[in-house]
Undergrad: 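Can you read through this structure? Questions will come right after.
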2 protein chains.
Amino acid sequence: MSDTLSERKRGSGARMVYDLLRDEILDLKLAPGSPIDEVQLAERFGMSRTPIREALVRLSGEGLIETLPNRSTMVSAIDFLNLSPLFDALVLMYRVTTRLAAQNHRAEDLPALHRLHAEYAATVAARDTSAMIATNAAFHAAIAEAGRNPYFTGLFSRLLDESRRMLHLYYRSYEEQFPQRFVDEHADIIAAIEARDLDAADRLGKTHAEAIVAQVQALFSRNDRLDIPL
Amino acid sequence: MSDTLSERKRGSGARMVYDLLRDEILDLKLAPGSPIDEVQLAERFGMSRTPIREALVRLSGEGLIETLPNRSTMVSAIDFLNLSPLFDALVLMYRVTTRLAAQNHRAEDLPALHRLHAEYAATVAARDTSAMIATNAAFHAAIAEAGRNPYFTGLFSRLLDESRRMLHLYYRSYEEQFPQRFVDEHADIIAAIEARDLDAADRLGKTHAEAIVAQVQALFSRNDRLDIPL
DNA sequence: CGAATCTTTTCTGTCGACAAATAGAATACA
DNA sequence: TGTATTCTATTTGTCGACAGAAAAGATTCG
């Protein structure tokens, strides 16, 4: 592929590499444990190692890559043994962000929610797993934004990122079942937010999160000896 | 001051600058809005701009500094107008981490808690505000660690950092009152954790957090026109 | 005297090169 | 043949230098 666009704007190099590497990691195009070579990336993007390095430092700060001093840097492993903390945090953030959205959203937030909801439904209908996972994350991130608490939004985004990788594994193993149920739950959540029904939003967020978690947990409990990349 | 130690280990430069700048920012030795000059820092630490830059990228990732493209980079401002999201997140994290500590702590975690509790009490008795603020943050961070959820620990640490700056402002304005009450509450929290009483830990964490929040809120509601650095 | 334009200055962003550190290959030795 | 040691190769961490961008200052023109 020809990633080497010749003319770039001055400060955009690191950002571009960061965005692209991030997507490739979260979509499992870069498998956990893959080595990351600075020189190789520099050649691929037609730039020096300096902006590459800046992107890697950012990714490292978010825990997406890990760096062994003076030695290699690689895509962070998925910690399958300690999933409960992730699930606990996810469920709580689903609850809190949905409740806050019901409380703090403004009229101008709603069109984006409806649009992302429709997009998600379309990807489910089209059985496009990658787009489905990304759109689902975008939908809940938008709800969090409408809740207007940047601290919760930040943590939730990170948790959604982390689960993006696991959902890819999930749908890679079980392509047969597609969650129409989640589409309906999204509709219910939007309705509760619009009605400013805090308790309903909270409850729906919790139920929704627990359904997703249960689905993923079922996968990993069934597949203890499946060939899951470390 | 002579920060220029001549011989450093290979990968330690950026880390050292990061730690030091972070402390200076959180202790308000660098006021919010202060400009940060890479060349100046490079001279001060006797190293090139490259490791300085890495430290700055890290700090920027945590929101402690802000960068205008191609132009200056400066210490992040404290957003006094939107304190409720910070307080909401703080209270929730105090609750969750204390509850999880009661649930998941191991025997080996307790000595550290007792030690940090004693240190905090000592700093309160000595009226050393800077040490008090740092030790208090360390105490609650240790509780969060004992709860063994790295996602909550990460967010909570960031929130504690952010409030460290505000507590400095607080005690700078009101040096007369020192919170013996918080020392006692810390003791109660430890007791609830040791007893594995989840609900009590949750409730104490909530009360404790709300007391601190109320104290800080009282300052800012009284001092709308005080000379608070932007 | 004021406003618009040009110049200077002062940063940042990027580059290519070099040196240190480590892993792995090659070698020597028992 | 197995083990310890040296050597090599690869990759990172750091450096000094240069060019681009934006603000501050100087200059010209109305």
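In the text below, chain A, chain B and the rest are named by the order of the sequence lines, each starting its count at 1. None of these values were measured; they are calculated from a predicted model.
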Undergrad: Return the value, rounded to whole Å, for the distance between atom CD of E54(B) and atom P of dT14(C).
TA: 16 Å
Undergrad: Send over the distance from L68(B) CG to dC11(C) P, rounded to a whole Å.
TA: 14 Å
Undergrad: With a non-hydrogen cut-off below 4.0 angstrom, is S72(B) in contact with a base, only sugar-phosphate, or nothing?
TA: nothing
Undergrad: Quickly work out the R15(A) CZ to dT14(C) P distance and round it to whole Å.
TA: 13 Å
Undergrad: Contact class for E38(B) (heavy atom, under 4.0 Å): base, sugar-phosphate, or nothing?
TA: sugar-phosphate
Undergrad: With sequence neighbours left out, what residues match F182(B) under ring-ring contact (aromatic ring centres under 6.0 Å, His included)?
TA: H208(B)
Undergrad: Pairs of donor and acceptor atoms involving the side chains of residues 59-70 of chain A, under 3.5 Å and at least two apart or interchain, shall be tabulated with distances.
TA:
residue: S60(A); atom: OG; partner: R58(B); partner atom: NH2; Å: 3.2
residue: E62(A); atom: OE1; partner: Y18(A); partner atom: OH; Å: 3.0
residue: E62(A); atom: OE2; partner: Y18(A); partner atom: OH; Å: 2.5
residue: N70(A); atom: OD1; partner: R10(B); partner atom: NE; Å: 2.7

Undergrad: Whole angstrom is fine here: how far is it from CD in E66(A) over to C1' in dT12(D)?
TA: 17 Å
Undergrad: Does the protein touch nucleotides 16-23 of chain C at the base, only the backbone, or not at all? Give it as B, S and - per nucleotide, heavy atoms under 4.0 Å.
TA: -B-BBSBS
Undergrad: Atom NE2 in H186(B), atom CD1 in I190(B): separation rounded to 0.5 Å?
TA: 8.5 Å
Undergrad: Without decimals, in angstroms, what is the distance between E43(B) CD and dT10(C) C1'?
TA: 13 Å
Undergrad: Just grab all the salt bridge (Lys or Arg N to Asp or Glu O under 4.0 Å) pairs involving residues 85-98 of chain A, residues at least two apart or on different chains.
TA: R95(A)-D202(A)
Undergrad: Rounded off to whole Å, could you give me the CG-to-P distance for the L56(A) and dT14(D) pair?
TA: 15 Å
Undergrad: Hey, does I52(B) reach any base, or is it just sugar-phosphate, or nothing, if we go heavy atoms under 4.0 Å?
TA: nothing
Undergrad: How would you list, by chain and number, every residue that makes a salt bridge (Lys or Arg N to Asp or Glu O under 4.0 Å) with D109(B), sequence neighbours excluded?
TA: R148(B)
Undergrad: Do any pairs count as a salt bridge (Lys or Arg N to Asp or Glu O under 4.0 Å) and have a residue in residues 138-147 of chain B, sequence neighbours left out, and if so which ones?
TA: none
